[in-house]
Amino acid sequence: MKIGYPCINWTIGCSSGSTFRLRSYSESRLKKTIKNNIDCLLKILQFNAERNIFFFRITSDLVPFASHPVNNFNWKGCFASNFKEIGDFIKKNGIRISMHPDQFTLINSVREDVFERSVKELEYHASILDLMQLDTDAKIQIHAGGVYDNKQHSTDRFVERFSKLDNSLRLRLVVENDDRLYNLNDCIEISNKVGVPVLFDVFHHSINATAASTNQALQLSSRTWNKKSDSVPMVDYSSRNLNGPSRQHADSIDIEDFKKFLLDTEPFNFDVMLEIKDKEKSAAKAIEAANQDIRLNIA
DNA sequence: AGGTGTCAAGCGTCC
DNA sequence: GGACGCTTGACACCT
């Protein structure tokens with residue numbers, strides 16, 4: 001089991017997702033920002049490796065305006081060797097990588113233009129992982145999308161659109177249960193039709209639940225990671241912020257809840273992404289708890 | 001230097 | 001039909 005956190009490291013003091021306003025777009029600004037972002041990304045990965053944090057989500061802002069028409073700069077060519085260097089570090093250290101395009105990426109949209117932009121955005125995400133020469137166990141997680149007043153039609157549209165995507169893209173995509181529209185069963189249904197692995201999100205499942213217990217959910221989702229090249233399943237874990245609105249993530253990990261989660265999910269093996277605000281701090285705590293847990297099992 | 005309104009993108013909900 | 005939340009940081013403009 002690898003444990004990690006998404007996108008931001010609060011300790012190091014650099015950001016791998018710096019961006020700027022469209023109004024201030026220029027090629028030199030873009031170039032400078034990308035360089036800073038990927039330099040920072042390598043620093044974060046080194047920081048993580050030194051602390052046994054072997055799972056990381058790369059921010060979608062690594063290359064600002066990557067799929068925007070304003071950007072016709074050849075950033076892939078310009079930074080190919082930098083990406084390769086990071087990829088080498090990732091592989092050497094056995095780091096698992098995910099990416100998560102934001103809510104504008106909708107392959108089941110009723111609008112053709114939204115679909116087309118979404119494909120471009122997905123291709124951007126895949127090109128990052130390709131430039132790093134990572135295997136297809138590095139995943140891009142998306143949600144099923146909108147309902148558009150007819151869930152069955154919208155599910156079918158997802159299936160149809162997904163099937164037409166390039167194979168190189170399909171091999172990287174996984175679908176995650178969301179907090180309102182497509183629950184675990186909906187994702188499993190999609191998976192049964194197109195073979196896409198299902199990334200189980202524990203927190204979303206608690207808000208948008210099916211009858212499945214945590215253990216059953218792991219069983220159901222794990223089965224969908226059935227290609228050797230997918231590697232072990234990814235799972236998103238977070239606890240809710242008890243002081244804030246119901247959908248907000250917690251500030252720091254509730255370690256007792258996390259231990260309970262580890263017990264609940266035995267004997268399944270998977271990699272856990274901690275969607276918690278204090279990022280690397282909670283990851284370190286979770287890794288410590290998991291190691292203690294293993295020692296207890298051995299003893 | 002510090003404060004703050006706003007940011008490429010969509011959908012669903014609420015009024 | 002329009003504003004707002006999502007989830008949240010930080011850019012960029014203002015003073």
Side-chain angles (χ1 to χ4, degrees), chain A residues 5-26 28-30 32-34 36-37 40-41 44 57-73 75 99-125 140-151 153-155 157-158 161 175-183 186 201-204 206-208 236-252 273-282:
Chain A
Y5 62 95
C7 307
I8 296 170
N9 177 298
W10 296 117
T11 309
I12 299 177
C14 70
S15 165
S16 62
S18 286
T19 183
F20 48 87
R21 298 288 184 261
L22 182 55
R23 272 206 305 276
S24 29
Y25 182 90
S26 74
S28 66
R29 178 82 187 258
L30 178 70
K32 207 160 67 184
T33 307
I34 297 172
N36 286 338
N37 285 348
C40 179
L41 175 60
I44 294 176
R57 183 183 299 161
I58 295 175
T59 173
S60 298
D61 286 330
L62 191 70
V63 177
F65 304 103
S67 69
H68 192 284
V70 75
N71 180 358
N72 51 24
F73 172 61
W75 56 269
M99 295 188 83
H100 193 351
D102 64 294
Q103 72 263 36
F104 310 109
T105 304
L106 293 155
I107 70 169
N108 82 340
S109 176
V110 289
R111 286 173 47 189
E112 202 65 31
D113 60 323
V114 171
F115 169 63
E116 283 166 15
R117 277 200 297 276
S118 297
V119 172
K120 284 196 168 64
E121 184 70 359
L122 290 175
E123 284 169 347
Y124 151 61
H125 283 77
I140 301 167
Q141 60 189 91
I142 55 172
H143 295 295
V147 165
Y148 313 96
D149 297 324
N150 188 327
K151 198 162 176 182
H153 285 173
S154 297
T155 301
R157 199 176 321 106
F158 182 100
R161 292 259 182 77
V175 63
E176 173 194 351
N177 57 305
D178 69 67
D179 56 0
R180 287 175 307 140
L181 307 176
Y182 291 85
N183 65 20
D186 301 325
D201 185 304
V202 182
F203 185 45
H204 292 162
S206 73
I207 302 172
N208 186 18
D236 282 357
Y237 170 91
S238 66
S239 16
R240 67 168 276 198
N241 180 1
L242 294 170
N243 301 317
S246 64
R247 287 201 182 83
Q248 235 172 43
H249 290 163
D251 292 336
S252 185
M273 180 60 63
L274 303 175
E275 297 187 316
I276 296 171
K277 283 186 196 164
D278 68 357
K279 309 282 177 181
E280 72 277 10
K281 268 192 185 170
S282 283

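Chain naming here is simple, since letters A, B, ... match the order of the sequence lines and numbering starts at 1 in each.
Across all strands shown, C/dT8 forms no Watson-Crick or G-U wobble pair with both distances under 3.5 Å. Here B/dG3 sits opposite C/dC13 as a Watson-Crick or G-U wobble pair (both hydrogen-bonding atom distances under 3.5 Å). With a cut-off of 3.5 Å on both pairing distances, the Watson-Crick or G-U wobble partner of B/dC14 is C/dG2. If you check B/dA8 for Watson-Crick or wobble pairing at under 3.5 angstrom, you find it has no partner at all.
In this structure, A/D278 contributes its side chain and A/K281 its backbone to no donor-acceptor pair below 3.5 Å. At distances below 3.5 Å, not a single donor-acceptor pair connects side-chain atoms of A/D201 with backbone N or O atoms of A/N177. Panel note: side chain A/N108, backbone A/G146; a donor-acceptor pair is recorded below 3.5 Å.
If you measure from atom CZ of A/F115 to atom C1' of B/dA9, you get 16 Å, rounded to the nearest angstrom. Atom NE2 of A/H204 is separated from atom P of C/dC6 by 12 Å (rounded to the nearest Å). Here C/dC11 presents its P atom at 15 Å from CG of A/L30, a figure rounded to the nearest Å. Rounded to whole angstrom, the span from the NZ atom of A/K277 across to the P atom of C/dC6 amounts to 11 Å. Rounded to whole Å, the distance from CG on A/N71 to P on B/dA8 is 14 Å. Atom-to-atom, CZ of A/F20 to C1' of C/dC11 comes out at 11 Å; the value is rounded to the nearest Å. In this entry the distance linking CG of A/N108 with P of B/dG10 reads 14 Å, nearest Å. Across the protein-nucleic acid pair, A/D178 atom CG and B/dG10 atom P stand 18 Å apart, rounded to whole Å.
Between A/S109 and B/dC11 there is a side-chain N or O to OP1 or OP2 distance below 4.0 Å. Taking side-chain N and O atoms only, A/R117 has a distance below 4.0 Å to OP1 or OP2 of B/dG10. Phosphate contact (OP1/OP2 of C/dA12, side-chain N/O of A/R29, threshold under 4.0 Å): present. Residue A/R111 places at least one side-chain N or O under 4.0 Å from the OP1 or OP2 atom of B/dG10.
Going from the C1' atom of B/dG10 to that of C/dA10 covers 22 Å, rounded to whole Å. Comparing C/dT7 with B/dG2, their C1' atoms sit 25 Å apart, to the nearest whole Å. As rounded to the nearest Å, B/dG5 and C/dG5 have P atoms that lie 14 Å from one another. Across B/dT6 and C/dA3, the matching C1' atoms stand 15 Å from one another, rounded to whole Å. With both ends at atom P, the span from C/dT8 to B/dA1 equals 31 Å, rounded to whole Å.
Using the six-membered ring where Trp is involved, A/F20 and A/Y25 have ring planes that are tilted, between 30° and 60° apart.
In this structure, A/K151 forms a cation-pi arrangement with A/Y182, its terminal cationic atom sitting closer than 6.0 Å to the ring centre and no more than 45° off the ring axis.
Looking at heavy-atom distances under 4.0 Å, A/T105 makes no contact with the nucleic acid at all. The residue A/V147 sits close only to the backbone: its heavy atoms come under 4.0 Å of sugar-phosphate atoms, none of a base. Looking at heavy-atom distances under 4.0 Å, A/R21 makes contact with a base. Residue contacts for A/Y148: at a heavy-atom cut-off of 4.0 Å it reaches the sugar-phosphate backbone alone, with no base atom in range. A/S24 comes within 4.0 angstrom of the backbone, heavy atoms only, and of no base.
Judged by ring centres under 5.5 Å apart and planes tilted less than 30 degrees, A/F104 fails to stack against the six-membered base ring of B/dG10.
Looking only at atom types and distance, the side chain of A/E280 has a donor-acceptor partner in the side chain of A/T11 under 3.5 Å away.
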Side chain to side chain contact (heavy atoms under 4.5 Å, CB included) evaluation trace for A/F115 with A/R161: CA-CA 9 Å; A/F115 169 63; A/R161 292 259 182 77; 3.1 Å; yes
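Comparing A/R23 and A/W10 along DNA chain C, the residue whose closest nucleotide (by nearest heavy atom) sits nearer the 5' end is A/W10. Both A/I8 and A/L22 lie close to DNA chain C; mapped to their nearest nucleotides by heavy-atom distance, the more 5′-ward contact belongs to A/I8.
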